[in-house]
Trainee: 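Have a look at this one before I ask anything.
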Amino acid sequence: MFALVDGNAFYAACEAVFRPDLKGRRVCVGSNNDGCLVAANAEAKALGNIMYQPLFQLEKLFQQNDVVVFSSNYELYGDLSQRMHTLLGTFATAQEVYSIDESFLDFTGMGLFDLQAYGQVIRRAVMKQLGLPVAVGIGATKTLAKAANRLAKTIPGWNGVLSFADLPTGEQDRLLASLPVSDVWGVGRRWTEQLQALGVTTALDLKQAPAQLIRRRFSVVLERTVRELNGIPCQDLELVTPDKQQIVSSRSFSQPVAYLEDMRQAVSRYAARAAEKMRRQGSTCRQVSVGIATNPFKPGAPQYHNWASTRLIHPSDHTGLLINRAKHCLQSIWREGFEYKKAYVMLSDIGSGQVRQFDLFAREAHYSNNPKATALMAVLDRINQRMGRGSCRMAAEGIDGQMQWPMIRRMQSPRYTTQWGELPVAYIK
DNA sequence: TCTGGGGTCCTAGGACCC
DNA sequence: TCTGGGGTCCTAGGACCC
């Protein structure tokens, strides 16, 4: 039996935790650079199809309807997420942290007899201790737990908790028949269209579809979904987080970038950020890729996008080397005369940093493989961890004040729980 | 003015091996 | 009539997730 606990409109809910005055109001959260809408509470979603719309197109609607908009505050969401997952872990014998706002839980061996009631216990605890609303779905497989979670959120009568375990099959099927096939975990836009053409429009239709046919027409991935809807587990809890196989650092610029020198700084910064992420999981990479692109939404502007990659002779996690290789990639694809909107750096062919292959014929170990260089990176990471990201960095990343593309976050809330200077203040009359 | 940022898995096909 | 049988590795593209 699996449970899925999922925060309701998580980012919007995080914003409301320290703002009781927002209760009942429409709350939205924008993406980086306040580009598009990435979260909205139920009140705001009632305004219509607004998710992922560009914010500037929603401005008028929001003004007319008293919508409170926040820039994304990932420091706050990340911290509240960690607290939520820690709390959820105390209610189960095993836990998989699936995303920033979702945990799968396993209650095996706890001797529970009323899962519906236990779900309510979890829900109330998270609300009381963190002020965050969650929904709980319980089923024989992850896919069923996901479906139950979705139904618990949408059908008011269930009060945020739905356990398939406590329901007769007929009742389960009745509920699955009310769930559009597009809401089934693992069914995206493309497959929804194709399934609908076959007459499969609800979760129940998909459950009853012949698995062999689904495998032939789609793939083994969707076949597994069919089996999971039938209560046959095809996916276990992932108790240890696997290392990332690729690490991407990518940003859109708030202002167009036209000069190579500016782009070099951006690419250097992204490479440094990716390298830091990679060291945190103790890995090294053998491949560095860089991509740049103009703004595809700007009509009439000349468009160009390209990417290049390079292989390293020795796997490395050294910021200096990775910046150097990234800049070489950039040089090979750079073209003057365009206004660039976005760049990314990708590290791939990632392996364990524990195994370090030295060069038999080199007079000295390559500098990025050198134990001294490794120690230097460790110091760099410790400084930045303690003093804040970017406190200590490569000159290639640029000096504050010269940066041409500061992130736009006009409406960011305080980082209530992670910065001493931004603690919430209570006034006593 | 203005459109996010990260990831994974699977399949098909080509090139190559004996 | 009839042109083998078994495998690996790599890449690109397409689907999905949050």
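What you see is a predicted model, and the numbers here were worked out from it, not measured in a lab.
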Trainee: By nearest atom, which of the nucleotides dT8(B), dG4(B), dC18(C) is closest to the Q245(A) side chain?
Mentor: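 When the side chain of Q245(A) is considered, dT8(B) is the closest of dT8(B), dG4(B), dC18(C).
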Trainee: Please tell me which of K298(A) and R251(A) maps to the more 5' nucleotide of DNA chain B, matching each residue to the nucleotide holding its nearest heavy atom.
Mentor: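 Closest to the 5' end, via its nearest nucleotide, is K298(A).
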Trainee: Tell me: NZ of K142(A) to C1' of dC17(C), nearest whole Å?
Mentor: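 That distance rounds to 12 Å.
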Trainee: If you check the R190(A) side chain, which of dA15(C), dC18(C), dG6(B) turns out closest?
Mentor: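 From the listed options, dA15(C) comes nearest.
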Trainee: What's the closest nucleotide to the V248(A) side chain, out of dG4(B), dC17(C), dG7(B)?
Mentor: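 Of the options given, the side chain of V248(A) lies nearest dG7(B).
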Trainee: Using a heavy-atom cut-off of 4.0 Å across all strands, would you classify D34(A) as base, sugar-phosphate, or nothing?
Mentor: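 The residue D34(A) makes no contact with any strand.
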Trainee: Calculate the interatomic distance between R189(A) atom CZ and dG14(C) atom P; express it in whole Å.
Mentor: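 Value for this atom pair: 14 Å.
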Trainee: For T294(A) and Q303(A), does a side-chain donor sit closer than 3.5 Å to a side-chain acceptor?
Mentor: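 Q303(A) and T294(A) do have a side-chain donor-acceptor pair below 3.5 Å.
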Trainee: Ignoring backbone atoms, test whether S252(A) places a side-chain nitrogen or oxygen under 4.0 Å from the OP1 or OP2 oxygen of dG5(B).
Mentor: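 True: S252(A) side-chain N/O within range (under 4.0 Å) of dG5(B) OP1/OP2.
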Trainee: Nearest to the side chain of V221(A), heavy atoms from C-beta on, is which of dC16(C), dT3(B), dC10(B)?
Mentor: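 Within the option list, the nearest is dC10(B).
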Trainee: Would you say CD of Q385(A) has more than 12 non-hydrogen atoms from neighbouring residues, nucleotides or ligands within 6.0 angstrom?
Mentor: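 Atom CD in Q385(A) is not crowded, with 12 or fewer foreign heavy atoms closer than 6.0 Å.
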Trainee: Of all the nucleotides listed (dC16(C), dT3(B), dG6(B)), which has the minimum atom distance to the side chain of W191(A)?
Mentor: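 Taking heavy atoms from C-beta onward, the closest nucleotide is dC16(C).
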Trainee: Counting only side-chain heavy atoms from C-beta out, which of dT3(B), dG7(B), dG5(B) sits nearest to K341(A)?
Mentor: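 Nucleotide nearest to K341(A)'s side chain: dT3(B).
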Trainee: Report yes if at least one side-chain N or O of N33(A) is closer than 4.0 Å to OP1 or OP2 of dT3(B); otherwise report no.
Mentor: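 Checking N33(A) against dT3(B): no side-chain N or O falls below 4.0 Å of OP1 or OP2.
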Trainee: So if I take every side-chain heavy atom of Q194(A) and compare against dC18(C), dA15(C), dT8(B), which nucleotide ends up nearest?
Mentor: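 Comparing dC18(C), dA15(C), dT8(B) against the side chain of Q194(A), the answer is dA15(C).
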Trainee: Report the nucleotide, chosen from dG5(B), dC18(C), dG7(B), that has the shortest atom-to-atom distance to any side-chain atom of S250(A).
Mentor: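 The answer is dG5(B), which lies nearest to the side chain.
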Trainee: To the nearest angstrom, how far is L222(A) atom CG from dC10(B) atom C1'?
Mentor: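 Checked: the CG to C1' distance equals 13 Å.
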Trainee: For D183(A) and dC16(C), what is the distance between atoms CG and C1' respectively, to the nearest whole Å?
Mentor: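 Rounded to whole Å, this separation is 15 Å.
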Trainee: Go through dT3(B), dG5(B), dC18(C) for me and flag the one nearest to the N32(A) side chain.
Mentor: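 The closest nucleotide is dG5(B).
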Trainee: In this structure, which one of L76(A), I100(A), D101(A) forms a side-chain contact (heavy atoms from CB on, under 4.5 Å) with Y11(A)?
Mentor: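 Passing option: I100(A).
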Trainee: Could you tell me the separation between the CZ atom of F10(A) and the P atom of dC17(C), rounded to a whole number of Å?
Mentor: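 Distance, rounded to whole Å: 20 Å.
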Trainee: What nucleotide, of dT8(B), dC18(C), dT3(B), holds the atom closest to the side chain of Y98(A)?
Mentor: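 Minimum distance to the Y98(A) side chain belongs to dC18(C).
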Trainee: Rounded to whole Å, how long is the line connecting atom CZ of F297(A) with atom C1' of dT3(B)?
Mentor: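 Those two atoms, CZ and C1', are 4 Å apart.
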Trainee: Between S252(A) and N33(A), do the side chains contain a donor N or O and an acceptor N or O under 3.5 Å apart?
Mentor: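 Distance-only check fails for N33(A) and S252(A).
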Trainee: For R311(A), I'd like to know if atom CZ has over 12 heavy atoms of other residues, nucleotides or ligands within 6.0 Å.
Mentor: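 Atom CZ in R311(A) is crowded, with more than 12 foreign heavy atoms closer than 6.0 Å.
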Trainee: For M51(A) and dG4(B), give me the distance from atom CE to atom C1', rounded to whole Å.
Mentor: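 Distance, rounded to whole Å: 12 Å.
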Trainee: Starting at atom CZ of R224(A), determine the distance to atom C1' of dC17(C), rounded to an integer number of angstrom.
Mentor: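 It is 14 Å, rounded to the nearest whole Å.
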Trainee: Within the structure, does a side-chain N or O atom of Q255(A) lie under 4.0 Å from either OP1 or OP2 of dC2(B)?
Mentor: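 Q255(A) to dC2(B) OP1/OP2: no side-chain N or O under 4.0 Å.
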Trainee: Given the P atoms of dT3(B) and dC18(C), what is the spacing between them in whole Å?
Mentor: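 About 25 Å, rounded to a whole number of Å.
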Trainee: Do the rings of Y98(A) and W185(A) sit parallel, tilted or perpendicular, given the 30° and 60° boundaries?
Mentor: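 Rings of Y98(A) and W185(A): perpendicular, over 60°.
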Trainee: For S72(A), which contact category applies under a 4.0 Å heavy-atom criterion: base, sugar-phosphate, or nothing?
Mentor: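 Result for S72(A) = nothing.
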Trainee: Taking any heavy-atom pair under 4.0 Å as a contact, classify Q53(A): base, sugar-phosphate, or nothing.
Mentor: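 No contact.
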Trainee: Does the side chain of K342(A) get closer than 4.0 angstrom to OP1 or OP2 of dT3(B) through an N or O atom?
Mentor: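 No, outside the criterion.
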Trainee: Among T143(A), V200(A), L222(A), find the one that has a side-chain contact (heavy atoms from CB on, under 4.5 Å) with V187(A).
Mentor: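 Of all the options given, the one that passes is L222(A).
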Trainee: Mapping L55(A) and K277(A) to their closest nucleotides on DNA chain B, which lands nearer the 5' end?
Mentor: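 Of the two residues, L55(A) wins.
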